[in-house]
A.B. asks: 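Quick one: structure below, then a few questions.
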There are 2 protein chains.
Amino acid sequence: MKYSTICPKFEKAISLLSQRWTGLVIYQLLLGTQRFSEIQSAVGISGKVLSDRLKDLESQGIVKREVFPETPVIIEYSLTEKGHAMAPVLKEIENWSQHWVTSEEDASHELD
Amino acid sequence: MKYSTICPKFEKAISLLSQRWTGLVIYQLLLGTQRFSEIQSAVGISGKVLSDRLKDLESQGIVKREVFPETPVIIEYSLTEKGHAMAPVLKEIENWSQHWVTSEEDASHELD
DNA sequence: ATAATCTAGTTACTTTATGTAACCAACTAT
DNA sequence: ATAGTTGGTTACATAAAGTAACTAGATTAT
């Protein structure tokens, strides 16, 4: 049904970033290795969706998951090289947002 | 409920690109002014969602809509300056996709 | 005159994605 | 025994997206 003329690799990348939260999760992990609950509270995402996203990103080789069987268990998430390579994308989004998003139209009202 | 520590402007930009199709529509319009049905077939999006996205992008000053009352009517969509400023973002996504998305994991199987 | 064609959508309906809140296992501290 | 900890999962509700049929207003074909 869909007959896009657009490069499949590009489409794949776009569809990744088109999933809600994926961009923010990667952005957050660019700050360094983090645990589940840290990402959750920093990004403001539900446990369910964060769990989905991390599994997805892991299966695509963008995020690495490490288990430390302490008590309570510690699980650390970090970016792989492929994930770190996303940095310029996020940087450009940030750059655009600073130049073009006015404070009246930002998303802060969505934090009620 | 949501307490993100992330810059509201950045969040706004990310939430824009996190909407399915938005990135592809902007990418397509970077090629130049286009009509509804051109975008539709190039991107492989339904009329309903394209209509939604274009209204959205227009209301955010990213897309410009021009009506030519010929018969049948011609409606042209193009990027504003704010829209064109998205080019580096899309360029970086393209760049990442060429380096990191393998042909086995691309999105072409979604075109059945 | 009537039917078919064109563009740029809209409408009703179905399926998928996301949000919400309660819950779980395993272990520790009290 | 009870509560607290982490990193989730589950069931259910709502929102977003996909599908296909349909519309307006004008033209063209039969």
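The sequence lines fix the lettering, A, B, ..., with proteins before strands; numbering per chain opens at 1. Excluded from the calculations below are hydrogen atoms, water molecules and symmetry mates; all remaining heavy atoms, backbone and side chain alike, are included.
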A.B. asks: Flag the pair K91(B) and E94(B) as a salt bridge only when some basic side-chain nitrogen lies within less than 4.0 angstrom of an acidic carboxylate oxygen.
C.D. replies: yes
A.B. asks: CZ of R20(B) versus P of dT16(C): gap in Å, rounded?
C.D. replies: 11 Å
A.B. asks: Nearest whole angstrom, please: distance from the C1' of dA24(D) to the CD1 of I75(B).
C.D. replies: 12 Å
A.B. asks: Between dA17(C) atom P and I45(A) atom CD1, what is the distance in whole Å?
C.D. replies: 15 Å
A.B. asks: Report the distance from atom CD1 of I74(A) to atom P of dG8(D), rounded to the nearest whole Å.
C.D. replies: 13 Å
A.B. asks: At under 4.0 Å, does any side-chain N or O of S37(B) touch on OP1 or OP2 of dT7(C)?
C.D. replies: no
A.B. asks: Considering just the side-chain nitrogens and oxygens of R35(A), establish if one lies under 4.0 Å of OP1 or OP2 belonging to dT6(D).
C.D. replies: no
A.B. asks: How many whole angstroms separate atom CH2 of W21(B) from atom C1' of dA17(D)?
C.D. replies: 10 Å
A.B. asks: When you measure from the side chain of Q28(A) to the backbone of A42(A), do you find a donor-acceptor pair of N or O atoms at a distance under 3.5 Å?
C.D. replies: no
A.B. asks: Using only atom types and a distance under 3.5 Å, with no angle test, would you say the side chain of W96(B) pairs donor to acceptor with the backbone of K82(A)?
C.D. replies: yes
A.B. asks: Within this structure, what is the CD1-to-C1' distance between I39(A) and dG7(D), rounded to whole angstrom?
C.D. replies: 11 Å
A.B. asks: Please give me the minimum heavy-atom distance between R35(B) and E38(B), naming the atom from each residue.
C.D. replies: N-OE1, 2.8 Å
A.B. asks: Calculate the interatomic distance between E66(A) atom CD and dT6(D) atom C1'; express it in whole Å.
C.D. replies: 17 Å
A.B. asks: Is the phosphate of dG9(C), meaning OP1 or OP2, less than 4.0 Å from a side-chain N or O of Y77(B)?
C.D. replies: yes
A.B. asks: Mind calculating the distance between CD (E38(A)) and P (dG8(D)) to the nearest angstrom?
C.D. replies: 13 Å
A.B. asks: Taking all heavy atoms of L16(B) and all of M86(B), pick out the closest pair and write down the distance.
C.D. replies: CD2-CE, 3.6 Å
A.B. asks: Can you list every side-chain hydrogen bond (donor to acceptor under 3.5 Å, both in side chains) pair that touches residues 69-81 of chain B, not counting sequence neighbours?
C.D. replies: R65(B)-Y77(B)
A.B. asks: Hey, which sits more toward the 5' end of DNA chain C by its nearest nucleotide, P72(A) or Q19(A)?
C.D. replies: Q19(A)
A.B. asks: When hydrophobic residues are tied together by side-chain contacts of less than 4.5 Å, even through go-betweens, does V67(B) share a cluster with L50(B)?
C.D. replies: yes
A.B. asks: Looking at DNA chain D, which of residues 47-62 of chain A put a heavy atom within less than 4.0 Å of it?
C.D. replies: G47(A), K48(A), S51(A), K55(A)
